[in-house]
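Beneath this line is the structure, given in structure tokens, with notes to follow.
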Amino acid sequence: MTAYSLDTVEGSGGSVRVDCCEACSVLWFDSTEDLRLAPRSVMTLFQAIGRAGKPRNVLASSCACPRCSRTLQFTHDLQRATRFTYWRCAGGHGKLITFHQFLAEKNFLRPPSPAELARLRDTIQQVSCSQCGAPVDLRNDSACPHCGAPVTVIDSQSVAKTLRALDSSVTAPAPAMTPAALNDAQIDALFDLQRMRARETHDDLLTIGVSALRARIAAWLAAR
């Protein structure tokens with residue numbers, strides 16, 4: 001994995017070094033670093049995911065720990081009521097997690113509402129699976145037929161909640177960063193037919209959603 005370090009990430013008890021591979025769409029956290037991320041750091045990683053776009057490499061069937069070279073173990077976990085997966089080192093050195101599963105762990109994902117799903121089926125029709133990249137025909141499926149991952153979009157309520165946590169003196173988000181405004185930005189991007197028709201391949205809904213919110217979040221963070 002060719003990775004770079006996000007060296008300005010903050011965590012409880014000090015800084016946290018996160019390794020990120022945009023081509024593979026994965027993050028590596030030493031030990032329990034992902035659980036120590038400060039809200040600003042979660043947003044920093046959210047923006048990095050938005051910059052990366054679609055994965056360009058296919059993950060190997062097995063991966064080795066970058067610290068001890070042991071084969072990483074595929075793991076199912078639960079955060080509140082959200083299920084997610086990752087690969088962990090049996091020696092406790094850390095874990096490897098895809099962008100999609102990181103967003104799930106931070107409760108940034110939700111299924112589209114029946115109205116949103118109906119509009120998606122009427123307009124976009126086919127997308128790529130956010131987890132494995134396989135095509136998903138929205139006219140017939142609400143989950144990936146290849147890996148079983150459900151169709152999901154970014155949860156604007158959770159994004160707004162994390163933004164509010166960045167500044168305890170702000171009791172409510174600025175008007176431009178309300179959950180409704182964030183959701184509108186995402187939905188507008190999803191239904192930009194001109195842009196979708198210009199693409200040779202179909203993006204996944206999470207790539208489009210995160211990219212749509214990234215500029216707004218960057219401007220909000222810069223003002224803090």
Side-chain angles (χ1 to χ4, degrees), residues 21-27 45-63 74-79 81-87 96-159 179-180 182-216:
C21 179
E22 292 185 348
C24 301
S25 294
V26 294
L27 300 163
L45 293 176
F46 187 94
Q47 291 174 277
I49 292 171
R51 285 194 306 270
K54 294 176 63 176
R56 299 183 293 278
N57 296 335
V58 177
L59 286 179
S61 57
S62 65
C63 301
F74 188 65
T75 304
H76 293 266
D77 209 334
L78 185 69
Q79 175 75 358
T82 303
R83 298 184 183 277
F84 63 99
T85 60
Y86 55 89
W87 294 265
L96 183 75
I97 189 167
T98 66
F99 289 171
H100 176 225
Q101 294 299 319
F102 174 78
L103 293 173
E105 179 187 12
K106 299 307 176 185
N107 292 300
F108 277 180
L109 305 183
R110 64 169 176 83
S113 68
E116 289 169 343
L117 186 57
R119 290 185 66 192
L120 288 169
R121 286 172 169 163
D122 288 341
T123 55
I124 298 176
Q125 298 180 357
Q126 181 171 301
V127 294
S128 295
C129 174
S130 301
Q131 180 161 283
C132 72
V136 179
D137 186 348
L138 294 174
R139 293 166 296 187
N140 301 309
D141 301 312
S142 57
C144 175
H146 180 71
C147 71
V151 172
T152 52
V153 294
I154 301 299
D155 187 345
S156 58
Q157 293 276 355
S158 293
V159 174
L182 291 170
N183 194 56
D184 287 346
Q186 180 180 189
I187 296 302
D188 287 346
L190 292 176
F191 299 114
D192 184 350
L193 296 181
Q194 206 57 28
R195 185 182 67 172
M196 293 299 297
R197 287 170 180 161
R199 294 178 183 271
E200 294 181 358
T201 58
H202 296 280
D203 271 348
D204 64 88
L205 299 185
L206 300 189
T207 297
I208 298 170
V210 177
S211 297
L213 301 185
R214 183 170 63 87
R216 291 193 177 205

Would D77 and E105 count as a side-chain contact (heavy atoms from CB on, under 4.5 Å) here? Give the steps. CA-CA 9 Å; D77 209 334; E105 179 187 12; over 6 Å; no
Could you tell me whether the side chains of N107 and S158 share a donor-acceptor contact shorter than 3.5 Å? no
Please report the interatomic distance OG1(T152) to CZ(F108), rounded to the nearest 0.5 Å. 13.5 Å
Separation between CD of Q186 and CG of D155, rounded to the nearest 0.5 Å: 9.0 Å
Verify, without hydrogens or angle tests, whether S156 (side chain) and P179 (backbone) share a donor-acceptor contact under 3.5 angstrom. yes
How close do C144 and C147 get, heavy atom to heavy atom, and via which atoms? SG-N, 3.4 Å
With F99, which residues qualify under ring pair (Phe, Tyr, Trp, His ring centres under 6.0 Å), at least two apart? none
Which atom pair, heavy atoms only, marks the closest approach of V136 to A143? CG1-O, 4.0 Å
Under the side-chain contact (heavy atoms from CB on, under 4.5 Å) criterion, do R119 and I187 qualify, and how do the steps go? CA-CA 10 Å; R119 290 185 66 192; I187 296 302; 3.8 Å; yes
Does V26 reach the side chain of I97, with side-chain heavy atoms less than 4.5 Å apart? no
Between CG of N183 and CG of D188, what distance do you get to the nearest 0.5 Å? 9.5 Å
How many angstroms lie between atom OG1 of T82 and atom CG of L103, to the nearest 0.5 angstrom? 11.5 Å
Let me confirm one number: the CG-CD1 distance from L206 to I154, rounded to the nearest 0.5 Å. 5.0 Å
Just grab all the ring-ring contact (aromatic ring centres under 6.0 Å, His included) pairs involving residues 124-159, residues at least two apart or on different chains. none
Nearest heavy-atom neighbours spanning A185 and L213: CB-CD2, 3.8 Å
Which of these, C129, S130, S128, sits in a side-chain contact (heavy atoms from CB on, under 4.5 Å) with C132? C129
By side-chain contact (heavy atoms from CB on, under 4.5 Å), N57 pairs with (sequence neighbours left out) A23, C24
T75 (side chain) donor-acceptor with W87 (main chain) under 3.5 angstrom: no
Are the side chains of V127 and I208 in contact, using a 4.5 Å heavy-atom criterion? no
Enter the distance from S25:OG to Q101:CD here, rounded to the nearest 0.5 Å. 12.5 Å
Taking L138's backbone N and O only, do any of them form a donor-acceptor pair with R121's side chain (distance below 3.5 Å, no angle check)? yes
